[in-house]
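Scroll down for the structure; my scribbles are underneath it.
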Amino acid sequence: MLDIKLIRENPALVRENLAKRNNPECLQMLDELIALDKEWRANNTKLNDLRHDRKQVTMEIAKLKKACQNADAAFAKAQQVDQQVTSAEKQVVEQETKIKDYLLRLPNLLDATVPVGKDSTENVTVKTWGTIPKFNFQVKNHIDLALALDQVDMERAGKVSAARFFYLKNDVAMLDLALMHFALEELQQRGYTPVVPPYMMKRDAYEGVTALGDFEEVLYKIQGEDLYMIATSEHPLAAMYWNEVLKQDDMPVKLAGISTCFRKEAGAHGKDTRGIFRTHQFNKIEQFIFCNPEDSAKLHEELLENAEVLLQKLGLPYRVVNVCTGDIGTVAAKKYDIEAWMPAQGDYREVVSCSNCTDYQARRLGVRYRLKEGAPPLGPVHTLNSTAIATGRTIVALLENNQNEDGTVNIPEVLRKYMGDREKITKKR
RNA sequence: GCCGAGAUGGCAGAGUGGUUAACGCGCGGGCCUUGAGAGCCCGUGGACCUCCCGGUCCGCAUGGGUUCGAAUCCCAUUCUCGGCGCCA
């Protein structure tokens with residue numbers, strides 16, 4: 001969330017930034033928030049005065065009782081003041097709830113380098129890597145390849161679970177874990193701490209890390225419990241230091257999250273329905289960083305570079321796009337997507353999302369930093385997150401880019417050591 | 001799952017119904033010193049009001065309740081630590 005003090009002191013700056021999103025609702029929320037905050041401050045001051053009155057009366061009663069004098073008049077007055085306090089409290093609490101709601105809904109301020117645009121078609125390509133493979137035969141899509149090689153069973157997954165679930169089998173099941181292992185080893189070498197986080201989180205913690213709409217659109221809720229299945233390990237990693245104060249010397253905290261991800265895909269009817277490109281469940285290694293505010297821009301580039309290196313070692317052609325103001329979402333101040341080349345679709349598709357959330361997540365979560373032990377907190381830290389490798393989509397790209405005319409698929413060099421040193425995915429005899 | 005104990009500031013730890021969260025450690029500032037340290041003094045949770053001086057309120061795991069008044073009494077929940085049971 002944004003700093004309410006910034007909104008009070010410099011509403012023009014906030015308004016100007018929010019205007020770039022081309023979303024009139026935002027500006028209206030801002031106006032309502034500013035008016036409500038002003039009202040709340042006045043009411044809060046009044047409430048404090050009333051509470052002060054009550055305290056005076058209470059103390060008088062104590063004095064009278066000590067002196068063994070009659071306190072009936074004071075009791076009556078106390079009761080009356082108490083009523084006023086109660087009704088004032090109710091109003092203040094209502095306003096506070098509304099203010100919090102506005103603050104949770106208002107999106108982050110955008111970085112100056114985010115391109116202005118209306119939707120994903122206006123994202124700006126900042127880099128292209130690799131050469132698009134040429135095939136002198138009819139290319140197959142990933143799902144036809146996988147089915148023919150007996151690597152995946154979608155029908156039974158539909159029977160047992162639902163659409164958008166899958167069974168991975170044989171080499172592709174191994175490939176899934178190989179990718180995880182590969183990404184993890186690379187990140188560990190670069191100083192990231194591997195973490196297996198909880199796969200479920202309570203609502204309060206979840207409100208700190210994500211947009212409110214996600215509760216309906218993406219998150220699975222556990223029936224009868226205050227628990228949500230994680231949509232990415234970014235979420236439990238971000239919430240790890242919830243309401244804690246980090247030492248400046250301990251930052252940046254660099255984590256490599258290891259988890260399965262669960263997503264409802266509620267708004268995606270009809271999109272990518274075949275295959276394993278868009279599913280309710282997939283595995284992912286995630287990069288996450290807590291850092292000093294002045295370091296986040298530099299570390300954002302580091303996260304991008306890490307993700308790029310992984311794709312380069314896998315030999316997958318890709319491009320990097322700077323996600324524009326109309327497509328960037330609530331939490332990030334700046335976001336790169338990496339899109340890998342998908343031969344069957346003849347297009348680049350998203351496989352990595354790399355965000356600088358600045359202080360927006362950290363303020364919601366109360367993750368602050370101090371110079372050293374015992375010193376007062378200086379303010380919220382900055383948080384960043386990026387996919388390292390999401391296995392589902394990476395498998396799609398690998399199958400399609402590395403396919404042979406006979407329907408077999410070459411295994412990238414860097415993954416072979418995790419797959420019995422084999423070079424090809426073939427049908428098991 | 002059952003029984004018991006517990007949760008207080010950055011940390012440690014008092015406080016068991018009557019305005020002020022003790023003492024310490026850490027941290028910040030000042031005095032002293034060539035410098036550092038020691039020593040001494042002041043400060044050190046959050047919100048709001050204020051022209052500054054300053055003022056008011058909130059805060060003892062969370063949410064309710066009792067009371068004129070709750071860190072303190074009652075109820076529920078969460079988590080931690082013991083003990084028992086169950087379990088991959």
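A, B, ... follow the sequence lines: proteins, then strands. Residue 1 opens every chain. Everything quoted here is computed from the prediction, not taken from an experiment.
Partners of A:F166 under the ring-ring contact (aromatic ring centres under 6.0 Å, His included) rule, at least two apart in sequence or in another chain, do not exist in this structure.
No salt bridge links A:K417 with A:D421; every basic N to acidic carboxylate O contact stays at or beyond 4.0 Å. For A:E286 and A:K284, the salt-bridge test passes: some basic side-chain N is under 4.0 Å from an acidic carboxylate O. Look at A:K313 and A:E186 and you find a salt bridge, because one of the NZ, NE, NH1 or NH2 atoms lies within 4.0 Å of a carboxylate O, short of that distance.
Residue contacts shown for A:K46 are absent, as no nucleic acid heavy atom lies under 4.0 Å away. Nucleic acid contact class of A:K372 (heavy atoms, under 4.0 Å, all strands): sugar-phosphate only.
Judged by distance alone, the side chains of A:N306 and A:Y192 do bring a donor and an acceptor atom under 3.5 Å apart. For the residue pair A:Y228 / A:H235, no side-chain donor-acceptor distance below 3.5 Å is found, with atom types taken as modelled. No side-chain N or O of A:D337 forms a donor-acceptor pair with one of A:N123 less than 3.5 Å apart.
The distance from atom CG of A:L378 to atom P of B:U44 is 17 Å, rounded to the nearest whole Å. One interatomic measurement links the two molecules: CE of A:M201 to C1' of B:C79, which rounds to 16 Å at whole-angstrom precision. A:L246 places its CG atom 17 Å from the C1' atom of B:C27, with the value rounded to the nearest Å. A:M59 has its CE atom 4 Å from the C1' atom of B:U19, to the nearest Å. Nucleotide B:C48 holds its C1' atom 13 Å from the CD1 atom of A:I4, rounded to whole Å. In this entry the distance linking CZ of A:R370 with P of B:G45 reads 12 Å, nearest Å. Atom NZ in A:K247 sits roughly 11 Å away from atom C1' in B:G26 (whole-Å rounding). A:D249 places its CG atom 14 Å from the C1' atom of B:C27, with the value rounded to the nearest Å.
When each of A:K427, A:K169, A:K428 is tested with A:D150 by the rule side chain to side chain donor-acceptor pair (under 3.5 Å), just one qualifies, namely A:K169.
Here the separation of B:U56 from B:U50, taken at their C1' atoms, is 11 Å to the nearest Å. For the C1' atoms, the distance from B:A5 to B:A88 is 30 Å, rounded to whole Å. As rounded to the nearest Å, B:C57 and B:C75 have P atoms that lie 31 Å from one another. Taking atom P on both B:G17 and B:A71, the two are 13 Å apart, rounded to the nearest angstrom. The same atom, C1', is picked in B:G55 and in B:A61; the two are 31 Å apart, to the nearest Å. The C1' atoms of B:C73 and B:G13 are separated by 24 Å, rounded to the nearest whole Å. Across the P atoms, B:U8 and B:A14 are found 11 Å apart, a figure rounded to whole Å. Across the P atoms, B:G35 and B:G24 are found 29 Å apart, a figure rounded to whole Å.
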| When you check every protein heavy atom under 4.0 Å of nucleotides 49-69 of chain B, what one-letter string (B, S, -) results, 5' to 3'? | S------BSS---------BS

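Between the A:N385 side chain and the A:F288 main chain, no donor and acceptor come within less than 3.5 Å of each other. Remark: side-chain polar atoms of A:N292 are not paired, donor with acceptor, to backbone N or O of A:E294 under 3.5 angstrom.
Heavy-atom distances to RNA chain B give each of A:R368 and A:N44 a nearest nucleotide, and the one nearer the 5′ end belongs to A:R368.
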| Would you write out the dot-bracket form of RNA chain B, 5' to 3', with Watson-Crick and G-U pairs under 3.5 Å, [ ] for crossing pairs, | for pairs to other strands and . for unpaired bases? | ((((((((.[[...)..(.....]]((((((.......))))))(((((....)))))..[[[[[..)....]]]]])))))))....

